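Order of appearance sets the numbers: ligands from 1, and atoms from 1 within every ligand. Reckoned from all heavy atoms, side chains included, excluding hydrogens, waters and symmetry mates. Predicted model only: the values in this text are computed from it and were never measured.
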Amino acid sequence: MIRFENISKTFGKHTVLQNIALTFEQGQAVAIVGPNGSGKTTLIKSLLGMVIPDTGSIYVDNQNIKHDFSYRSKIGYMPQIGHYPPNLSIRQLIEMMTDIRKGIIDSKQLDFDIIKDFELEKIYEKKLGTLSGGTKQKVSAALAFLFDPQILILDEPTAGLDPLASEILKQKIFKEKNKGKLILLTSHILSDLEELSSHLLYIQDGQIQLFKQLSQLKEEYDETRLSKIIARLMQVKLSPSLPQPYWV
Ligand code: ADP
């Protein structure tokens, strides 16, 4: 469904992605994990067309994304922080987005689950500039799912949500995953990743260290918890360069 072929990206002298070769399939829910600065966001932005790789190609449903932006209608993206025109109301934003997509998408395909479950209609006339961080997150989630996309990219989706909202969103992610959609997730809340993901993609220094099914990883590492596996992955890479204690 998505294929990265030898993607590399350098910012100045800093190589941020090195020869990334990777295929994501329908029905996978992939947790993208790695230390800060390891290249996760750059990888996601490359897929969204917000960063242009120096080398390599990305294919969505066998279509090279380089010269044709139509693939973007297949993707629902929930950013970590949504930036919206402050003077628009939630209603106006939703209507504007559906108007833009008119002709591309049948109105019967619109998915209002999140809008209903988060009861956003009750605050439809509120201006986006007046919303709390958590409510903005809810609006971002509503937009990501609205057009019933085959691919969902969710960047820290539950961060800033209260426990009930977080549960509602996770249920929705489950539902879409079970429909066979491809879900790419980042989160610092490892228990969320554990609940939602089928695969772990671990990136370090712009390289793929590991891309495996969670169940297989748990067997190989003889660990039942994802957090333990990630801690071990990080230690393996980090320990040689850790400073020696002063008493050695
Ligand atoms: P992550 O999401 O894993 O924290 P990023 O992909 O955001 O990592 O960043 C990887 C590295 O690339 C970091 O060192 C970051 O400073 C650098 N970087 C990201 N975007 C830019 C940019 N536009 N210009 C220069 N350096 C960048």
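Remark: ligand 1 atoms within the under-4.0 Å shell around heavy atoms of V16 are 10 (C), 11 (C), 12 (O). Listed by atom number, the atoms of ligand 1 under 4.0 Å from S38 heavy atoms are 1 (P), 3 (O), 8 (O). Interface atoms of ligand 1 facing P35, defined by a heavy-atom separation under 4.0 Å, are 3 (O). Close contacts between ligand 1 and T42 involve ligand atoms 5 (P), 6 (O), 9 (O) [criterion: under 4.0 Å to a heavy atom]. Close approach of ligand 1 to N36 (heavy-atom distance below 4.0 Å) involves ligand atoms 4 (O).
The cluster map of Ile, Leu, Val, Met, Phe, Trp and Tyr, joined by side-chain heavy atoms under 4.5 Å apart, puts L169 and I81 in different clusters. One hydrophobic cluster holds both L22 and L48 under the rule that ILVMFWY side chains link at heavy-atom gaps under 4.5 Å. Clustering ILVMFWY residues whenever any of their side-chain heavy atoms sit less than 4.5 angstrom apart, transitively, puts I173 in the very cluster that holds F147.
Neither side chain, S187 nor D192, offers a donor N or O lying under 3.5 Å from an acceptor on the other. For Y84 and S140, the side-chain atoms include at least one donor-acceptor pair closer than 3.5 Å.
For the pair D162 and K138, the minimum side-chain heavy-atom distance is below 4.5 Å.
Scanning the protein for heavy atoms near atom 4 (O) of ligand 1, the closest one is G37 N, 2.7 Å. In this structure, atom 8 (O) of ligand 1 lies nearest to the protein heavy atom G39 N, 3.2 Å. In this structure, the protein non-hydrogen atom closest to atom 14 (O) of ligand 1 is H14 CE1, 3.1 Å. With hydrogens left out, the protein atom closest to atom 24 (N) of ligand 1 is F11 CD2, 3.5 Å, a heavy atom. The shortest contact between atom 2 (O) of ligand 1 and any protein heavy atom is with T41 OG1, 2.4 Å.
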